[in-house]
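Chain letters run A, B, ... following the sequence lines, proteins first, then strands; residues in each count from 1.
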There are 2 protein chains.
Amino acid sequence: MSLALQGVQMSDDIGSRLKLVRQIFGLTQRELARRAGVTNGAISLIEQNRVSPSISSLKKILDGIPLSLADFFTLNFSPSDEVFFTAEELTEIAHLPEISMRLVGRRAKGRALGMLREVYQPGADTGDTMLRHEGEECGIVVSGSLTVTVGVQERVLNPGEAYYFRSDIPHRFRNQGAEPCVLISANSPPTF
Amino acid sequence: MSLALQGVQMSDDIGSRLKLVRQIFGLTQRELARRAGVTNGAISLIEQNRVSPSISSLKKILDGIPLSLADFFTLNFSPSDEVFFTAEELTEIAHLPEISMRLVGRRAKGRALGMLREVYQPGADTGDTMLRHEGEECGIVVSGSLTVTVGVQERVLNPGEAYYFRSDIPHRFRNQGAEPCVLISANSPPTF
DNA sequence: GAATATCGTTGAATATCCTAAACGCGTGGA
DNA sequence: TCCACGCGTTTAGGATATTCAACGATATTC
């Protein structure tokens, strides 16, 4: 599915990116140039990576599509085809004895979203040093209880209770209860 | 919390954006310039919106932080303060008799992620006409069973099973079982 | 309180981008 | 066939961005 365009890197190669987007929307260089109020020559040079456009002119061009700068840089050209997964098909990503983290789908670049089913055995503790990364994350406790620390805030969450925070705030998960805790969490952009 | 910087638009005002990001990471113009291999003057001019940087130089600058172009344009500067939520504090967003959809946190603009706890009563059916929107979504069945249709694919998901698809593909959820089905789902960008 | 250091800003020179107008190429119609 | 049309590309020159070096302002040190 999607367009057969493999070698398009994420951040670099603005030229290919613009060309692909333009073609997806069925526009010629001249047509896009007309809509955007720039010249076709400029678009040609940009698509060949012979120049690196200024933000202002790139924005003008994208406005002609129309597409936001954020969408332009975020766009994902290689979505996965797989839709359904059994419990066993979830990808195990943690290699700790007391914590199981299983990702819905395979590890894939360019997704908007990562969802995990996590199981914390009694006494399990992530520690608070390692967990800092970009993005935001969210979770709901399904069974058991989990002590969640986010920055200076801490709380014991019981089934049905939830959290939402920015991932760059240091955070820590601990199961101080007697039974295993099942947590379903999501993060965006995906960490794994 | 966060920095007191309200009037920062999303796509425009690259200058304020860069300045804010730089300050969040605790860098001076000169220090960032040194890391990025550009001059402090250039950063000064960009932050004042007196020039519109080329993608290449903006990328060089962001590499000095480091931060990707996609993250730079996607970054959200108005996160919510609330972190923890009880089951009752989840925001009810569906107004259907047979389906309950409760959002973690309040409806908020500019989040990366939306997470829902959904309960489908036996016989509940979303229909397949209304559900089309941007983004990607993902879910795990917690209890009961749910018949999920995505495009031409259909499957009955049992507890622990999951789905992941692009939201612009028509999709439908039905509970054809005898007991209520609890589903935890996430979508990005958030629909609510 | 002067000397020093560092911050962000500015002006002139240089490097880079964008426009305007051509070019070469393929296609389809008189 | 030959001309007209539209495509993406190229080149010269004007417009814009970036560098380099200096400047004033604000702390900090002696």
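The nearest whole Å value for the distance from the NZ atom in B:Lys60 to the P atom in D:dT18 is 9 Å. Atom CG of A:Leu58 is separated from atom C1' of D:dA17 by 16 Å (rounded to the nearest Å). When rounded to the nearest whole Å, the span between CD1 of B:Ile61 and C1' of D:dT18 equals 10 Å. Distance A:Asn49 CG to D:dT9 P: 12 Å, rounded to the nearest Å. Nucleotide C:dC18 holds its P atom 14 Å from the CG atom of A:Leu32, rounded to whole Å. Following rounding to the nearest Å, A:Arg22 (CZ) and D:dT9 (C1') show an atom-to-atom distance of 12 Å. Protein atom CD of B:Glu31 is 11 Å distant from nucleotide atom P of C:dG8, rounded to whole Å. Atom CG of A:Leu45 and atom P of D:dT9 are 9 Å apart (whole Å).
Side-chain nitrogen and oxygen atoms of B:Gln29 include none within less than 4.0 Å of the OP1 or OP2 phosphate oxygen of C:dC7. Between B:Ser44 and C:dG8 there is no side-chain N or O to OP1 or OP2 distance below 4.0 Å. OP1 or OP2 of D:dT10 sits under 4.0 Å from a side-chain N or O of A:Arg50. OP1 and OP2 of C:dC7 both lie 4.0 Å or more from every side-chain N or O belonging to B:Arg34. Contact check, A:Ser54 against C:dC18: a side-chain N or O comes under 4.0 Å of OP1 or OP2. At D:dT18, none of the side-chain N or O atoms of B:Thr39 fall inside 4.0 Å of OP1 or OP2 (strictly under the cut-off).
Between the base of D:dG6 and the side chain of A:Arg30 there is no donor-acceptor pair shorter than 3.5 Å.
For B:Arg30 (side chain) and B:Asn40 (main-chain N/O), no donor-acceptor pair under 3.5 Å exists by modelled atom type. A:Asn175 places a side-chain N or O within donor-acceptor distance of the main-chain N or O of A:Glu179, the cut-off being under 3.5 Å. At least one donor-acceptor pair closer than 3.5 Å links the side chain of B:Asn49 to the backbone N or O of B:Gly15.
Nearest-nucleotide positions on DNA chain C place B:Thr28 closer to the 5' end than the other of B:Ala42 and B:Thr28. Residue order along DNA chain D, read from the 5' end via each residue's closest nucleotide, puts A:Asn40 first among B:Ile43 and A:Asn40.
Closest to the side chain of A:Ser57, from the set D:dT9, D:dT19, C:dC18, is C:dC18. Taking the side chain of B:Ser52 as heavy atoms from C-beta on, and the options D:dA17, D:dG8, C:dC7, the nearest nucleotide is D:dA17. Distance from the side chain of A:Gln48 is smallest for D:dT9 among the nucleotides D:dG8, D:dT19, D:dT9. Of the candidate nucleotides C:dC18, D:dT18, D:dC7, D:dT18 has the atom nearest to the side chain of B:Pro53.
Ion pairing of A:Arg17 with A:Asp13 is absent here, as no side-chain N (NZ or NE/NH1/NH2) approaches a carboxylate O to less than 4.0 Å.
Nucleotide D:dA25 forms a Watson-Crick or G-U wobble pair with C:dT6, both donor-acceptor distances falling under 3.5 Å.
Ring geometry, A:Phe73 versus B:Phe73: the interplanar angle falls under 30°, so the pair is classed parallel (tilted spans 30 to 60°).
A:Arg155 places none of its side-chain heavy atoms less than 4.5 Å from the side chain of A:Val148.
Nucleic acid contact class of A:Glu47 (heavy atoms, under 4.0 Å, all strands): none.
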